[in-house]
Protein chains: 2
Amino acid sequence: MKYVYSFGGSKAEGSSDMKNLLGGKGANLAEMTNIGIPVPPGFTISTEACVYFLEHDYTLPDGLKEEVEEHIKTVEEILGVKYDDAENPLLFSVRSGARTSMPGMMDTVLNLGMNKDSLRGFAKKTGNERAAWDSYRRFMYMYGNVVLGVNSSKFEHLIQEMKNARGFKLDTDLTIDDLKELSEKYSKLVESDTGSPFPEDPKVQLWGGILAVFKSWNIPRAIEYRRINHIPGHWGTAVNVQAMVFGNMGENSATGVAFTRDPATGNKIFYGEYLVNAQGEDVVAGIRTPQPLNEDIKSDDSQVTLEEIMPEIYNELNDIRIKLENHYRDTQDIEFTIQDGKLWMLQTRDGKRTALSALNIAVDMVGEGLITKEEALLRVDAEQLNQLLFPIFDIKDLESAKKDGRVIANGLNAGPGAASGKVVFNAEDAVKAKERGEKVILTRLETSPEDIAGMYAAEGILTARGGMTSHAAIVARGMGKCCVAGCGELEIDYAAEQFTAGGKVVKAGDEISIDGNTGDVMLGVIKTSPSEIVQVLATKSMQAEDSALYRNFQKLMGWADEIRKMKVRTNADTPDDAAVAIAFGAEGIGLCRTEHMFFEGDRIDAVREMILADDLEGREKALEKLLPMQRGDFIGIYKAMDGKPVTIRTLDPPLHEFLPHEEKDIRDLAEKMGTTYEKLQAKVNSLHEFNPMLGHRGCRLGLTYPEITAMQARAIIEAAVEVKKSGIDVRPEIMIPLVGHWKELQDQKAIVQTVIDEVLSDAGVEIDYLIGTMIELPRACLTADQIAKEADFFSFGTNDLTQTAFGFSRDDAGSFLGEYEKKKIYERDVFQTIDFDGVGELIRIGVEKGRSTKPDLKIGICGEHGGDPLSVEFCHNLGLNYVSCSPYRVPIARLAAAQAVLKEKDV
Amino acid sequence: MKYVYSFGGSKAEGSSDMKNLLGGKGANLAEMTNIGIPVPPGFTISTEACVYFLEHDYTLPDGLKEEVEEHIKTVEEILGVKYDDAENPLLFSVRSGARTSMPGMMDTVLNLGMNKDSLRGFAKKTGNERAAWDSYRRFMYMYGNVVLGVNSSKFEHLIQEMKNARGFKLDTDLTIDDLKELSEKYSKLVESDTGSPFPEDPKVQLWGGILAVFKSWNIPRAIEYRRINHIPGHWGTAVNVQAMVFGNMGENSATGVAFTRDPATGNKIFYGEYLVNAQGEDVVAGIRTPQPLNEDIKSDDSQVTLEEIMPEIYNELNDIRIKLENHYRDTQDIEFTIQDGKLWMLQTRDGKRTALSALNIAVDMVGEGLITKEEALLRVDAEQLNQLLFPIFDIKDLESAKKDGRVIANGLNAGPGAASGKVVFNAEDAVKAKERGEKVILTRLETSPEDIAGMYAAEGILTARGGMTSHAAIVARGMGKCCVAGCGELEIDYAAEQFTAGGKVVKAGDEISIDGNTGDVMLGVIKTSPSEIVQVLATKSMQAEDSALYRNFQKLMGWADEIRKMKVRTNADTPDDAAVAIAFGAEGIGLCRTEHMFFEGDRIDAVREMILADDLEGREKALEKLLPMQRGDFIGIYKAMDGKPVTIRTLDPPLHEFLPHEEKDIRDLAEKMGTTYEKLQAKVNSLHEFNPMLGHRGCRLGLTYPEITAMQARAIIEAAVEVKKSGIDVRPEIMIPLVGHWKELQDQKAIVQTVIDEVLSDAGVEIDYLIGTMIELPRACLTADQIAKEADFFSFGTNDLTQTAFGFSRDDAGSFLGEYEKKKIYERDVFQTIDFDGVGELIRIGVEKGRSTKPDLKIGICGEHGGDPLSVEFCHNLGLNYVSCSPYRVPIARLAAAQAVLKEKDV
């Protein structure tokens, strides 16, 4: 039985496909060695040895000791030094390495082999006696704590005591003699605490380290980590024993970190920094200023590049860079050390990157023939695309704002992006400021349809009331505008034109910033960068040829479109929204909410007239006024969509949403409508509901007021006839909301069908149309086989489905979801990503039952989950025909849909 | 191929198991004939003939004509008369008869064979020439309309014209000559309308009648009826041709109807009435007063019984009565005619009966050895048992109230039974009136916990606001008290002590009646009869030995208990409720709502103190006050239940339900609590929810305020320890409400478990306890496999499950469910009977998934559906362990659970 695998000296016994046996780190060290990368030599003790150890009462398997001895010799031979040599000491690190990364969960020990003898050799080689003693006492601390189990506070206490006695503030103030004395004290501490002297024998140290790593597999935090991440306990960990190398051995030593391409932009330049005669932590610590690797990234003449001072080593490093990219076929994040003029690679891993660099790198690498289009698609995180589609805060500016305590409140992250500007308290001021070229944040208790112009004009919207489905939130997301909603901490005083939050008073004209990702409200301006892609696509304020990013974006999107199987539609209520969505690649409208049109201009008057009518006749009179307006809306949308399918939902919200609720507003409206306050108040009262979400809405309105459905059907089909006659193709899909029983759909379908038949026969025109339904109630999923008999298509409304399946309303859940998050009850935000186990199961049942009746039933999803990558993948795997999301998330959905195909192939 | 089957002359070719071939009526006529019942002879043309006719372009199969001719001869021979004999005519009826009854859907023709010749023979035999002519012209009308398709209004017009000309008001004013002239006019009408003279030939008449019945299978109303009732169109109908018999052939003729036992009480007396020299319609019409059949039911000396005037015939009839009961093994509703001293039985069918008679008959018949206990259990409609457990209105009194327009409003039938009394407007007056011995109806806008005493004192409760789950409704059902809730038409003026409804003003002290079955509110007293069973069982105001009904009830319940497999528990919140439920046979408490206790007395103060506390410390202080009160409650309940399991649900409703909402009340409370109005108002506002049903309630309270769960767990287990120590067994089952995710249950269970471990270890006592959960959210059903890992038991909360599955709240659904009822969207009231397709499917999934994790998982149901017979059967079929319902529905559930077992065996 072989337990130990060597690496180093340009060959290794392992390789990257031996992760189960050697752990991730061991396999990777072997892989690097095999492709000729200079890695400090060492060996990996396999996971099998660990498993044996754990299963046999902490005893080692036969032969392991001997095998390890053998491999130490091999390392000694490669480096020409001895582990137990005081003059020219070899030091080892011991690190854990499980199959999958478990960062920080298990133990690591560095500088094994350090003792009173070897520290002298170390001092001679580095020419720094103090560093040698400091390393020694640090090693005693680390080993004493990790391997021997002495509480770290006891070491801390000793050093603090000495600094106090000397009147020192910093560890670095300690002299060599102090450090010598301290190491004596550490030694006594270990002996008194463990009953044995500190082990000076390097062999004893090494085995102590190896066994400590084995044992650390079963320390509580590791067990907990495995439980959470579903990692089986029987895997065990490998142990990597590797020669230490030092970048602080003099002027021909150095250490550095680098990225094979610019991690911020993805540009193909070698990007990194180094320090001569230094250790890795010095680069990170920021005491000395690291220098750039090469000319490409040199920012001023005082800098000295590695390319200049060690040209050969730089070239070797650059060759390795290219070799690594070619081998791993991805941009790498590397660490290196130069010891005595010899380059050692300590680590390579896939480089973390921004959305921007991810996109550019992926597309470039396809151009370079390094990866395929499919691989490129999987290299870009779909959710991260958001960063390219909305303005974002400058990271440093944002961090300093947070450090300075400028965050004064937090609300719901209701609309995407980032925005800074002067506070205004009404829509009119916002419009005026915009005309003056000023950026503003429109700040309101809550918004209403009259605020639309101001919302357009503002950079961002901030409200004190309302949830993720409030007017402000829905409109902002549709516009792709930054919005923080329901920020209850805000005390707005319209009269004084100011608000208070976090103890600060903010007046009209003061500058604030709002973060659509976190919901933070901050004082002052934080620098934002706009989205190039949106500037080209949606606002046309920039030319395509001026944006390399745009071109790469379009390339990637094109590849996604070739591969994906699901269509991507958009939720859009106006021709403008529709045009933006088309620019982003939408292939149709999956949800057009007719009620949003009801709020515009003086339509609301006709809507209110309808609601307040005492009888059918009165309602029909008001509906006649609405008919030409709705028809006009649909004509605009059909034209914008130019033959693409348009799914129009009939009236959904409860009627009281269209009426005012404050006494003053009711009085005003009563006067306007020529009725009495009392009568209007009584009507408002009679429409009051205990639970409006579970009330008289959706198809229930159509069942009780068939004339509303009939008017809407007429507007939809008459508009279609008119557009068709003008030579533009139309494909209306009429969608009945909130169906829970097939008879509801049957009833509404009959009304719609009658109107369509009449209109088409009068017009003598043929229109391709469908009549289908939202599936947004649990009962609809469970009886989808019955409902499918009446439906041409299904569209899952996952917002309401989530609310009814969980039995909580999004608007009210704020009072307990904070505590739920703390207690980690839900794995993810169920309003962002479909809850696969519950809501997902309902969808699965709905699809299965629906298709059991109609195998070819067209099925989509139009909840906000339609733009979430994980949810898009889920929909793909269920065989849905399309997803529909807000215009600004269309690219995300396109990419996610392609990735879903690729991931499926993988399996 | 044989198409025609004879009956009559004490033998028949068919039998009762030939329904598919002969239809229900034909098979039954054959059956009666075979057991020696004197049935007027005739024959049945099979459904096969009809199917042939319909499938072959309305042509008759070969040989049918000849077969019919043959059978006519057989009938003639049996009766010794000829079909075509003018002197002594045989007349026939022709009736449809499908496999299952389709009442009134298809055609019937009587008196076939009547013509100008035979009517003379008929006149001679009856000695009544006018009757003969009247029968003739009626036959022409019926045949002309049904068979020949002449519009009935044309016949009506002719008779009206004649009456106008003569100045007559009534048909009976017409003389013989008038009738002769009318028949001439009818004849001309038929000829001009159809182009052929009225068929005088009896053979032609007969075939016309038979074909008309065949064709009537496919008339629109029959097709519609089949569609609704899922009757296949290919069944076809049989045709029954039967000799007519006449009870108006003189003084030794008669006709009558009878029940083999008293249909009102079930007593074993021969119950019926008859008229000498009369036809069947005369008995029903009420022009002559029918006479009693025998001494047993004679009510005054002027009456003449059939037993007296025709003793032999009476004895024959009585023998038939016994024979029929023995044969059909059930009480029968029979029709008979005596023609010329010869008794003929026209019909027998299972007698309709009241709940009272159903119970008595079923139990008596077991005693008589006529049926088995199992059959007896199936003979009593479980839902109908309600009539025996609650006061009911006298039917005649109720009908006259309705006729008189005394129904002034209609609300929700929120509490069972019927009640009459004087209107009082507050609880105090109700209590005082009760002390004076007066019956009152407590009438309130809505009730609150302070009204409890008044609610106990009142006969019934009437509220203007609130739904089926309002305080009034829940408390009333718990008390088994009549309640009409949410009666929006009521305009209550407390100050003036009156209410207005339906244009009437009702003042305090005026008498009204409310109907818990229909929700009607009526002026005046309507006589009610109390329930004997409740008088013995629950109120102990009557001795068991004084009630034969009670004894039969207990017998039946005993048989049900032997057979049923599901346990029956009750929903009870107090020791009193528990005691009543035990009397009704409850085997445990399935739902004890701890929050109901929170409303009592000054507990509400401690509850409010807890809610208004600013921090954990404040809440814990208030909870400490609540702890001994809750512990006391549980001690009382455990004692009442004496070792039976008690399922206690932790706090469920949102906290704002415990706070006042009107300004005045808030001011009062602020003063009482020593806080400011503003602060209290702010707290009330902060607890406001858009959709309280979907808000911060159920286990969400326990997750955010773990101290509440801990206090309740402590009260539950400390009470258990105390009762156990006193020598009484206890079996608490702690139930966490509104769990949607297994981690919610895990969290709450940990809290409960910690408290229990601590209390039990301190006390040194062992208690059998369980920790389980309500399953009342769709997500809980869909992830029941995960939840089951944490749960000792499941209890389906079908009220909330129905609301979330359908996505409507019971309180708000009133605004559209009326229209839904009109449009027949739902088959049944989904809040009364489980919606099998949707909610039922969720329950099925929940049971299946739950038991996939724990095969022996104890599962029950504690929604209001637990007392609904159809739902109980559904639960049995799913393998549930128990149902739990309000105390007064326990007997219904016990019977329904037994019936479910028997019906399952049947299949």
Side-chain angles (χ1 to χ4, degrees), chain A residues 467 488 654 686-698 700-701 703-705 738 740-741 743-744 746-747 776-783 786 800-820 823-826 835 837-842 845, chain B residues 467 488 654 686-698 700-701 703-705 738 740-741 743-744 746-747 776-783 786 800-820 823-826 835 837-842 845:
Chain A
S686 80
L687 289 174
H688 168 80
E689 297 187 306
F690 294 101
N691 296 286
M693 233 209 73
L694 306 177
H696 193 173
R697 51 174 286 241
R700 297 161 194 162
L701 289 170
L703 267 118
T704 44
Y705 304 113
L738 214 70
H741 194 291
K743 285 189 187 170
E744 292 173 317
Q746 186 191 44
D747 177 281
E776 52 188 333
L777 294 172
R779 193 183 190 281
C781 297
L782 296 161
T783 60
Q786 299 170 6
D800 275 9
L801 193 57
T802 298
Q803 297 185 89
T804 45
F806 277 91
F808 54 61
S809 108
R810 200 167 177 173
D811 288 330
D812 298 313
S815 56
F816 56 88
L817 282 189
E819 198 63 30
Y820 271 49
K823 295 192 171 174
K824 295 199 194 342
I825 301 290
Y826 306 133
D835 156 54
D837 287 355
V839 177
E841 179 66 7
L842 278 173
I845 291 171
Chain B
S686 80
L687 290 174
H688 169 79
E689 297 188 305
F690 294 100
N691 296 286
M693 233 208 75
L694 305 178
H696 193 171
R697 50 174 287 241
R700 297 163 194 163
L701 290 171
L703 265 118
T704 45
Y705 304 113
L738 214 67
H741 194 291
K743 286 189 187 170
E744 292 173 318
Q746 187 192 43
D747 178 282
E776 51 186 333
L777 294 172
R779 195 184 188 281
C781 297
L782 295 162
T783 60
Q786 299 170 6
D800 274 8
L801 194 57
T802 299
Q803 296 186 88
T804 46
F806 276 92
F808 55 61
S809 108
R810 199 167 179 172
D811 287 330
D812 298 312
S815 57
F816 56 88
L817 282 188
E819 197 63 29
Y820 271 49
K823 294 192 171 176
K824 296 197 196 334
I825 301 290
Y826 305 132
D835 156 54
D837 287 355
V839 178
E841 179 66 7
L842 278 174
I845 290 171

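As the structure is a computational prediction, the values presented were derived from the model and not from experiment. Every chain is numbered from 1 and lettered A, B, ... according to where its sequence line falls, protein lines coming before strand lines. These numbers come from the heavy atoms of this one structure, side chains and all, not from hydrogens, waters or symmetry mates.
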| request: Look at the side chain of B/Asn691 and the backbone N and O of A/Ser809, then say whether any donor-acceptor pair between them is shorter than 3.5 Å. | output: no
| Any sub-3.5 Å donor-acceptor pair from B/Lys823's side-chain atoms to A/Leu703's backbone N or O? | yes
Out of [options], which one racks up the most heavy-atom pairs below 4.5 Å with chain B?
options	result
A/Gly695, A/Ser686, A/Gly807, A/Gly488	A/Gly807
A/Gly818, A/Ala813, A/Pro692	A/Pro692
A/Ile825, A/Leu701, A/Thr804	A/Ile825

Residue part contacting chain A, namely of [X], when any heavy atom lies under 4.5 Å:
X	answer
B/Asp837	both
B/Asp835	side chain
B/Thr783	side chain
B/His741	side chain

| task | Please examine the side chains of A/Lys743 and A/Asp747, heavy atoms only from C-beta on, and report whether any two atoms are closer than 4.5 Å. | result | no
| query | Within a strict 4.5 Å, meaning less than it, do heavy atoms of the B/Leu738 and B/Leu777 side chains meet? | reply | yes
| field | Value rounded to 0.5 Å, distance of NE2 in B/His696 from OG1 in B/Thr704 | value | 3.0 Å
| What distance separates A/Ile845 CD1 from B/Leu782 CG, expressed to the nearest 0.5 Å? | 5.0 Å
| remark: Cut-off 4.5 Å, heavy atoms of chain B, and the answer for A/Gln786 is side chain
| Which portion of A/Leu842 sits near chain B, non-hydrogen atoms under 4.5 angstrom | both
| field | Interface residue of largest heavy-atom contact number with chain A, from B/Ser815, B/Cys781, B/Gly698, under 4.5 Å | value | B/Ser815
| note | Comparing B/Tyr826, B/Phe806, B/Phe816 against chain A, the one with the most heavy-atom pairs below 4.5 Å turns out to be B/Phe816
| query | Under 4.0 Å between a Lys/Arg side-chain N and an Asp/Glu carboxylate O for B/Arg700 and A/Asp812? | reply | no
| message | Please identify which of these residues, A/Arg810, A/Arg779, A/Arg697, meets the salt bridge (charged side-chain N to carboxylate O under 4.0 Å, His left out) condition with A/Asp800. | response | A/Arg697
